[in-house]
Participant: 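One structure follows; several queries about it will come next.
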Amino acid sequence: QKEVEQNSGPLSVPEGAIASLNCTYSDRVSQSFFWYRQYSGKSPELIMSIYSNGDKEDGRFTAQLNKASQYVSLLIRDSQPSDSATYLCAVNRLANQAGTALIFGKGTTLSVSS
Amino acid sequence: EPEVTQTPSHQVTQMGQEVILRCVPISNHLYFYWYRQILGQKVEFLVSFYNNEISEKSEIFDDQFSVERPDGSNFTLKIRSTKLEDSAMYFCASSYGDRGHSPLHFGNGTRLTVT
């Protein structure tokens, strides 16, 4: 059974702080990794994708991947109240995920206080 | 920006009835998907569809479920004889294709309530 595990939280950080979200996955052959943001009652929205070991930065967001440890993380710098949401880690066994299942974790709820 | 649209936004049905959830994927996308999310639970893959046939399906997608692309724009999920446990948010998604990395674009979802 392929699993994606996340700490459900809530993770509470003050405005301006760094939020660190973590995810582990069980399928060692996984090739593509994604972070989605989901506001309550809304659909998942893609924030970051990462395919190679190391760091990938996009604005205030940095995704980190360590395939040997089967670990993915998301750092949010200068956290804002508008970042308060549930962050979903998702994994696909293929580098090109077209037509195949994306396996989601249950998500970590982030709360940023002003 | 093009988006995936889903109708209706909320569907209420009685147990045992059939429902059809409708989706219009982004026009130049080739791959279509249905996911569901039971309240408080994780987003779960149901089925993917390409070139007028199912390319992958999960254990959840049993004979109760079917998908169809009845015309050039719509993509539907039919649930026959609905059960209480089918109550969930159903998300349609689409992606462009099979070259390079093609992220999923999700619609806003249909909340299905089975009473």
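In the text below, chain A, chain B and the rest are named by the order of the sequence lines, each starting its count at 1.
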Participant: Let me check something: do Tyr31(B) and Leu46(B) share a hydrophobic cluster, defined by ILVMFWY side-chain heavy atoms less than 4.5 Å apart, either directly or through other members?
Facilitator: no
Participant: So which residue, Lys42(A), Gln38(A), Glu45(A), ends up with the most heavy-atom pairs under 4.5 Å with chain B?
Facilitator: Gln38(A)
Participant: Measure the spacing between CG of Leu104(B) and OH of Tyr36(A) and express it to the nearest 0.5 Å.
Facilitator: 5.0 Å
Participant: Are more than 12 heavy atoms, taken from residues, nucleotides or ligands other than Leu39(B), located less than 6.0 Å from that residue's CG atom?
Facilitator: no
Participant: Identify which part of Phe106(B) has an atom lying under 4.5 Å from any heavy atom of chain A, answering side chain, backbone, both or neither.
Facilitator: both
Participant: Does CD belonging to Gln14(B) count more than 12 external heavy atoms closer than 6.0 Å?
Facilitator: no
Participant: With salt bridge (charged side-chain N to carboxylate O under 4.0 Å, His left out) as the test, would you mind laying out the steps for Glu3(A) and Lys42(B) before giving the verdict?
Facilitator: CA-CA 11 Å; Glu3(A) 296 286 344; Lys42(B) 62 177 67 175; 3.7 Å; yes
Participant: Can you tell whether the side chains of Arg93(A) and Glu56(B) come within less than 4.0 Å, N to carboxylate O?
Facilitator: yes
Participant: Can you hop from Ile103(A) to Tyr51(A) via hydrophobic side chains spaced under 4.5 Å?
Facilitator: no
Participant: Look at atom CD1 of Ile20(B) and say whether more than 12 heavy atoms of other residues, nucleotides or ligands are closer to it than 6.0 Å.
Facilitator: yes
Participant: Are Phe61(A) and Phe34(A) connected, step by step, through hydrophobic side chains (Ile, Leu, Val, Met, Phe, Trp, Tyr) whose heavy atoms are closer than 4.5 Å?
Facilitator: no
Participant: If only atom types and distance count, is the side chain of Tyr33(B) paired as donor or acceptor with the main-chain N or O of Leu102(A) below 3.5 Å?
Facilitator: no
Participant: So if you build clusters from Ile, Leu, Val, Met, Phe, Trp, Tyr with side-chain heavy-atom gaps below 4.5 Å, do Tyr50(B) and Val47(B) land together?
Facilitator: no
Participant: Hey, which of His105(B), Met89(B), Gln37(B), Lys57(B) has the most heavy atom pairs under 4.5 Å with chain A?
Facilitator: Gln37(B)
Participant: Measure Leu88(A) against the heavy atoms of chain B and call it side chain, backbone, both or neither at under 4.5 Å.
Facilitator: side chain
Participant: Is the distance between the ring centroids of Phe104(A) and Phe45(B) under 6.0 Å?
Facilitator: no
Participant: Can you confirm whether Asp62(B) is buried at CG, in the sense that more than 12 heavy atoms of other residues, nucleotides or ligands lie under 6.0 Å from that atom?
Facilitator: yes
Participant: Checking Gln6(A) against chain B: side chain, backbone, both or neither under 4.5 Å from a heavy atom?
Facilitator: neither
Participant: Keeping Ser43(A) on the side-chain end and Gly107(B) on the backbone end, is there a donor-acceptor pair under 3.5 Å?
Facilitator: yes
